[in-house]
Amino acid sequence: MSTLRFYALKRLPYLQPKHIEIPKKLSELYCENVFSESTMREYLTKEAYQSILDAIKYGKKITREIADQVAVSMKEWAMSKGATHYTHWFQPLTGETAEKHDSFFNPIGEGRAIERFSGSLLIQQEPDASSFPNGGIRNTFEARGYTAWDPTSPAFIIDTTLCIPSIFVSYTGETLDYKTPLLRALQSVDEAATEVCQAYFDKNVTKVYSTLGWEQEYFLVDSSLFQTRPDLVLTGRTLLGHAPAKGQQLEDHYFGSIPTRVRNFMKELEIDCMRLGIPVTTRHNEVAPNQFELAPLFEEANLAVDHNSLLMDVMKKVSRRHGLSILFHEKPFDGVNGSGKHNNWSLSTDTGENLLSPGKNPKKNLQFLTFFINTIKAVHDYGDLLRSSIASAGNDHRLGANEAPPAIISIFIGSQLTAVLDELEKVTKGKLSPDEKTDLKLNIVGKIPELLLDNTDRNRTSPFAFTGNKFEFRAVGSQANCGEPMTVLNTIMAYQLQKFKKEVDELIAKGLKKDEAIFNILRDYITESRSILFEGDGYSEDWVKEAEKRGLENKKTTPDALKFELNKKYIEPFEKLNILSHKEIEARNEIKLEKYSKMISIEAKVLGDMARNHIVPVAVDYQTKLIENAKGLKDIFGENEMKSMCKEQLDLIKNISSHITEIKSGVDKLFKERDKAIAISDPAKQAETFCNKVKPLFDKIREHSDALEMLIDNEMWPLTKYRELLFTLR
């Protein structure tokens, strides 16, 4: 292994960056490989084109006749781009994307064949669902699953395959993916928000879109060095490795000059993204060495989720072309920042308004306050669901460290808006006096745009922060599918807006005017939601104590966080809005628990194998060399003189023996506890056991292995070191 390490290191200086030819305008490539609206207008009949638009905007069903027309046109377009196969591209609960390719090729007899693609094939495929996570939803004899076309997300071409974004359901109809509940949640928030807009603010609004702008963080390492680390290959993170003398202390990597190999990777990635309609615009170095970020423009949430999943697939492929390996794990390296995927969320109307952006008059500002305060109320009441939506083995390493928000869900809104809420909380109960109405309109509601003009500060320690015209959910992990947190956020927002409208209408029925009723309800919401608002340092121990006083949960581990999902209070919004059934929620909860257990189990096995097969043998070899050296000195100088001359060698021999002993006992105990955990049949108890009994044993093995790394001859050390993984990209 040490030979492999040094071979990989020796080749680095001779690697030539791959040259990338950049077109004069990236915009000319935009949606080149996408069956976009403009392409549909060119290939579809007027009737079929309008039917697709109605499906996208109003959710209308597409007839089989129209589907046949679309399928023929889509096939002709795809074949003109060199496509030979098609696939229903979907996002199962594995966390990866999935696809089964079928050919357009169809024999017709007499040694002849044609290319065929019908509406029935476009609308539905039947992949075997037996190997996808299902949480006990399906029986063994019902292995079949169905993928169904989602016309709201455009088809695209990867290589020679037409990819059709699709949902994925079981034989019995339950959802088995991230997209289906997201689409339902988006429909629910659309309906609820549209009703509020039409009833109180703007009758011209007929649709409200949930928008998402994600920020993808990731690490890059040389592929050859990556292959020398079994832990990186099999788990996505380093289970062993002593911290280098230099990490991120100098803060010199953030926004620094992008290494040439990485810049060329980014260039090719952006070209591929443009062709696939992914509107990436931002790229830069992140805080940790070899850490980077890219971000797109805001898009409708369903399309943004699809684009993020597609982007992660594309990034893996493009990085390999440049001799790089991409790491999406939330904490691939100990001692430096991990990676997140900030989800910037808002609501926008079909009339072009951002509902979380103040307007030019008191009426529009009251609209802003309505959606702003309802968001706060939704997160106050269901923040624990947001915490469970981002729970994973990888994200447990990141949350609460000095790089990411704590596991306590709180909201940062800034001092200016806090002052506005303070004033609104003083609103008189019931009818308002003329003077109070005037004061509200002129001095509080009316001045919101001025207050927010310079409100650019963001609390980097807040998991859910208002940033001017959107909320930034910063606690999402870098390898997560955005669909889950977006499903939860839009579900609780839809549920909250329904309650808000009901409560306002009840006050109007009792004689209050519309604005008075709205102010009364918003005032109550502010009072009820105060505990979720926090402006200070989320990393501080004082906040942990304060949060406990406020009754806010601080669930630091995935098994604890996932318990929230089975609480009757938290199941209610999903069931009442028909987003997910009780059975589906339980199944998904079980899938996440099983995935957590499997990840820790794999890490335990990899760590034990590395310690036994890589670290201990090298330690013994080096110790043998020291012993031979001491024996040689004894033969030459005699025992008495040898002891004074070999003090360092003898101390090293003892230290190495001590560390080997501790590693062996640690691995033995680790495997014993792992076997016990594997034998547990209950998913929740098994996950808790892996969390509380198995995972803590990692630290001891790592401590002694890392100590040996600093004692053993560098030429003999088998694993590529942190300084080599993090500081060799040029």
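Note: Y218 and F292 have tilted aromatic rings, judged against thresholds of 30 and 60 degrees for the angle between ring planes. Taking the six-membered ring for Trp and thresholds of 30 and 60 degrees, H85 and H101 have ring planes inclined between 30 and 60 degrees apart.
Side-chain polar atoms of H88 and E99 form no donor-acceptor pair below 3.5 angstrom. Side-chain N/O atoms of E330 and Q479 include a donor and acceptor closer than 3.5 Å. Judged purely by distance below 3.5 Å, without hydrogens or angles, the side chains of W89 and D306 never pair a donor atom with an acceptor atom.
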Quick one: do N354 and S348 satisfy side-chain hydrogen bond (donor to acceptor under 3.5 Å, both in side chains)? Show the steps, please.
-> CA-CA 4 Å; N354 180 346; S348 296; 4.6 Å; no

E472 and T467: CA distance, side-chain angles, deciding distance, side-chain hydrogen bond (donor to acceptor under 3.5 Å, both in side chains) verdict = CA-CA 7 Å; E472 183 180 23; T467 57; 5.1 Å; no

Let me see the working for D272 and K267 under salt bridge (Lys or Arg N to Asp or Glu O under 4.0 Å), right down to the final yes or no.
-> CA-CA 9 Å; D272 283 9; K267 288 177 184 178; over 6 Å; no

Start with the C-alpha distance between E575 and H582, add both sets of side-chain angles, then the distance that settles side-chain hydrogen bond (donor to acceptor under 3.5 Å, both in side chains), and finish with yes or no.
-> CA-CA 7 Å; E575 285 199 308; H582 195 293; 5.4 Å; no

Please walk me through it: do K583 and E174 pass salt bridge (Lys or Arg N to Asp or Glu O under 4.0 Å)?
-> CA-CA 9 Å; K583 181 180 180 181; E174 288 89 1; 3.4 Å; yes

Stepwise side-chain hydrogen bond (donor to acceptor under 3.5 Å, both in side chains) test for H322 and E268 | CA-CA 9 Å; H322 291 261; E268 187 169 0; 2.6 Å; yes

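Between V169 and L176 the shortest side-chain heavy-atom distance does not fall below 4.5 Å. A heavy-atom distance below 4.5 Å is found between the side chains of D381 and K499. Counting heavy atoms from C-beta on, the side chains of T87 and D102 never come closer than 4.5 Å. Side-chain contact between L269 and R283 is absent, with no heavy-atom pair separated by less than 4.5 Å. In this structure, the side chains of L310 and I278 come closer than 4.5 Å at one or more pairs of heavy atoms. Contact check for F168 versus T180: no side-chain heavy atoms found under the 4.5 Å cut-off. Counting heavy atoms from C-beta outward, L497 and F371 have side chains that approach closer than 4.5 Å. Inter-residue side-chain proximity for F117 and V72 is flagged as unmet; no heavy-atom pair is nearer than 4.5 Å.
Between the side chain of T97 and the backbone N or O of F90 there is no donor-acceptor pair closer than 3.5 Å. Formation of a donor-acceptor pair under 3.5 Å by the S166 side chain with backbone atoms of I164 is found in this model. Here the side chain of T161 pairs no donor or acceptor atom with the backbone of C163 at under 3.5 angstrom. Without hydrogens or angle criteria, S388 side chain to L385 main chain gives a donor-acceptor distance under 3.5 Å. Under the 3.5 Å distance criterion, the side-chain polar atoms of K470 are left unmatched by any main-chain donor or acceptor of N343. Proximity of a side-chain donor or acceptor of T175 to a complementary backbone N or O of D177 within less than 3.5 Å is not detected. Between the side chain of N106 and the backbone N or O of R116 there is no donor-acceptor pair closer than 3.5 Å. Of the possible polar contacts, one joining the W214 side chain to the A304 backbone as a donor-acceptor pair under 3.5 Å is found. No side-chain donor-acceptor contact under 3.5 Å links S153 to the backbone of D150. At distances below 3.5 Å, at least one donor-acceptor pair connects side-chain atoms of T487 with backbone N or O atoms of G483.
For the side-chain contact (heavy atoms from CB on, under 4.5 Å) test with L276, the passing option among L311, I158, L29, I271 is I158; the others fail. Tested against E353, the residues K364, K207, K360 include a single salt bridge (charged side-chain N to carboxylate O under 4.0 Å, His left out) partner, K364.
A salt bridge is absent between R64 and D68: the closest approach of a Lys/Arg side-chain nitrogen to an acidic carboxylate oxygen does not fall below 4.0 angstrom. Under a 4.0 Å N-O distance rule, the pair K363/D202 does not qualify as a salt bridge. K501 has a carboxylate O that lies under 4.0 Å from a charged side-chain N of D505, or vice versa, which qualifies the two as a salt bridge. Salt bridge E96/K316: present, at least one basic N to carboxylate O contact under 4.0 Å. Ionic pairing of K341 and E217 is not present here: no N-O contact between side-chain nitrogen and carboxylate oxygen is shorter than 4.0 angstrom. Ion pairing between a basic and an acidic side chain is recognised when a charged N comes within 4.0 Å of a carboxylate O; E565 and R588 show no such pairing. With respect to the salt-bridge test (charged N to carboxylate O, under 4.0 angstrom), the residues E484 and K592 qualify.
Every residue was checked against the salt bridge (charged side-chain N to carboxylate O under 4.0 Å, His left out) condition with K514, not counting sequence neighbours, and none meets it. Considering only residues two or more places apart in sequence or on other chains, K24 meets the side chain to side chain contact (heavy atoms under 4.5 Å, CB included) condition with none of them.
Considering every non-hydrogen atom in both G468 and P358, the closest pair reads O-CD, 4.3 Å. The shortest non-hydrogen separation linking K57 to T206 is CE-OG1, 4.5 Å. Scanning both residues, N481 and V305, for their nearest heavy atoms gives OD1-CG1, 3.6 Å. Residues C197 and T349 approach most closely at SG-CG2, 4.4 Å, considering heavy atoms. Nearest heavy-atom pair, N344 versus E215, reported as atom, atom and distance to 0.1 Å: ND2-OE2, 2.8 Å. The nearest pair of heavy atoms linking F473 to P485 is CE2-CB, 3.8 Å.
Ring to ring, Y86 and F104 are close: their centroids are under 6.0 angstrom apart. Aromatic ring centres of F464 and F471 lie closer together than 6.0 Å. Under the 6.0 Å cut-off for aromatic ring centres, F35 and W77 qualify, their centroids lying closer than that.
The number of heavy atoms from other shown groups lying within 6.0 Å of NZ (K576) does not exceed 12. Within a 6.0 Å sphere centred on NZ of K61, heavy atoms belonging to other residues, nucleotides or ligands number 12 at most.
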